[in-house]
Amino acid sequence: MTSNPTTPPRPFDVTTVFPQLAPLARTATRLHPRPGLPSPQDSSIGGPLLWPADEPWPHCDGPHVWDQHNPAPSPDDVRLQRRITEDAVRRADGNPASLRYTPEELADYQRARAGRPWPDGPIPLLPVAQIHLRDVPSLRPPGPADLLQVLWCPFDHPALPRTAVLWRTAASVTDVLTTPPEPSVIQSADYLPQPCLLSPEVVTEYPHSEDLEHEVRRQMETCRTWQVAAEPDEWDEDELTPEDVYNSSLSVAPGWKIGGWTRWGLTDPHPRLCGACGAQMDSLLTIASSEWGETSKSWIPHEDRDVSASSLNPYPEQPTMVQIADGNNLHLYACPASLEHPHLVLIQ
Ligand SMILES: [Zn+2]
Ligand SMILES: [Zn+2]
């Protein structure tokens with residue numbers, strides 16, 4: 001990456017047509033993860049954490065939803081498979097048709113796919129994200145904490161994925177744990193984030209249409225000024241409604257991010273109230289299955305618009321290789337009153 005990813009400007013400022021949206025503007029920080037070699041001192045996805053050597057590593061006791069029919073790979077099996085794919089893609093030099101594996105790679109790949117015995121006992125959590133306040137000032141944790149760490153259990157649970165959210169003061173970690181425990185196997189490669197460095201970028205978001213009052217949504221469907229402003233030709237081509245255009249291009253950014261609004265899709269908006277004090281919770285971290293998709297192409301950073309297929313990552317829109325429930329996002333919410341209050345998790 002030679003320059004930081006930059007989101008193109010929105011097609012137009014939606015508040016010029018709907019001034020009532022202006023007070024609802026929120027800052028989101030797109031993290032723009034890109035594969036790299038983060039150190040424990042870096043902000044990262046899937047990277048080593050700045051973890052005190054004398055602090056116990058978190059584990060999950062389940063219960064887990066075992067799927068004995070699907071082989072469970074070890075983290076190193078997944079890393080090997082990804083490395084083999086990267087090497088083959090690099091050799092193919094941008095032409096998917098000439099993608100070939102060597103016999104040795106094929107044998108290694110098959111061995112890595114064979115799976116391993118399911119584990120007994122508590123499962124060590126995997127690092128998901130580490131964000132320094134210095135890189136994302138909008139984190140704004142109360143108190144002296146300046147480092148957010150998120151881990152998760154790499155197995156399915158009866159309900160939502162099990163995540164751990166920790167805050168600490170980076171300067172207080174002087175003796176760093178160098179070899180954290182790792183699960184012997186993980187349920188799926190989807191749970192192992194590819195180590196990525198971050199290029200945070202602040203953007204402005206407006207609520208997803210499902211979070212807007214009925215009257216505003218009604219105006220969106222009928223306001224002529226708005227329809228002219230929002231390029232009606234494009235709508236006709238793709239048979240999009242004005243609300244679709246608002247949701248895809250003008251409101252909520254896709255991808256991994258801190259803060260901002262939630263892109264609803266699986267369900268209607270869900271109340272996000274703190275289980276400890278009842279406060280309205282803030283969006284903390286969005287863990288995304290992809291950085292952009294069919295309905296959010298306008299958010300593709302300038303620098304990624306002509307990523308060649310010879311890139312080391314064959315899927316430029318999936319730099320972290322994480323998949324949440326078939327292409328959805330995992331949203332983590334935090335209580336603004338106290339870091340001690342439990343966080344909330346939703347899939348959308
Ligand atoms: Zn678990
Ligand atoms: Zn609370």
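Indexing begins at 1, ligand by ligand and atom by atom, following the structure's order. Residue numbers count from 1 along this sequence.
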Colleague: Would you please indicate yes or no on a ring centroid separation below 6.0 angstrom for Y206 and W261?
Modeller: no

Colleague: Evaluate the side-chain hydrogen bond (donor to acceptor under 3.5 Å, both in side chains) criterion for residues D87 and Y101: first the C-alpha distance (whole Å), next the side-chain angles of each, then the deciding distance (0.1 Å), finally the verdict.
Modeller: CA-CA 9 Å; D87 288 347; Y101 295 102; over 6 Å; no

Colleague: Looking from the Zn ion (ligand 2), what is the angle between SG on C277 and SG on C274, to the nearest 10°?
Modeller: 110°

Colleague: Start with the C-alpha gap between T286 and L330, add the side-chain angles, then the distance that decides, and say whether side-chain contact (heavy atoms from CB on, under 4.5 Å) holds.
Modeller: CA-CA 6 Å; T286 300; L330 190 69; over 6 Å; no

Colleague: Is it the case that Q20 and Q219 place a side-chain donor and acceptor less than 3.5 Å from each other?
Modeller: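 Per modelled atom types, Q20 and Q219 side chains form a pair under 3.5 Å.
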
Colleague: Nearest 10°: the angle subtended at the Zn ion (ligand 1) by H157 NE2 and H64 NE2?
Modeller: 110°

Colleague: Kindly report the SG-the Zn ion (ligand 1)-SG angle for C60 and C153 respectively, rounded to 10°.
Modeller: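 It is 120°, given to the nearest 10°.
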
Colleague: Restricting to N, O or S atoms of H341, which is nearest to the Zn ion (ligand 2)?
Modeller: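 Result: ND1.
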
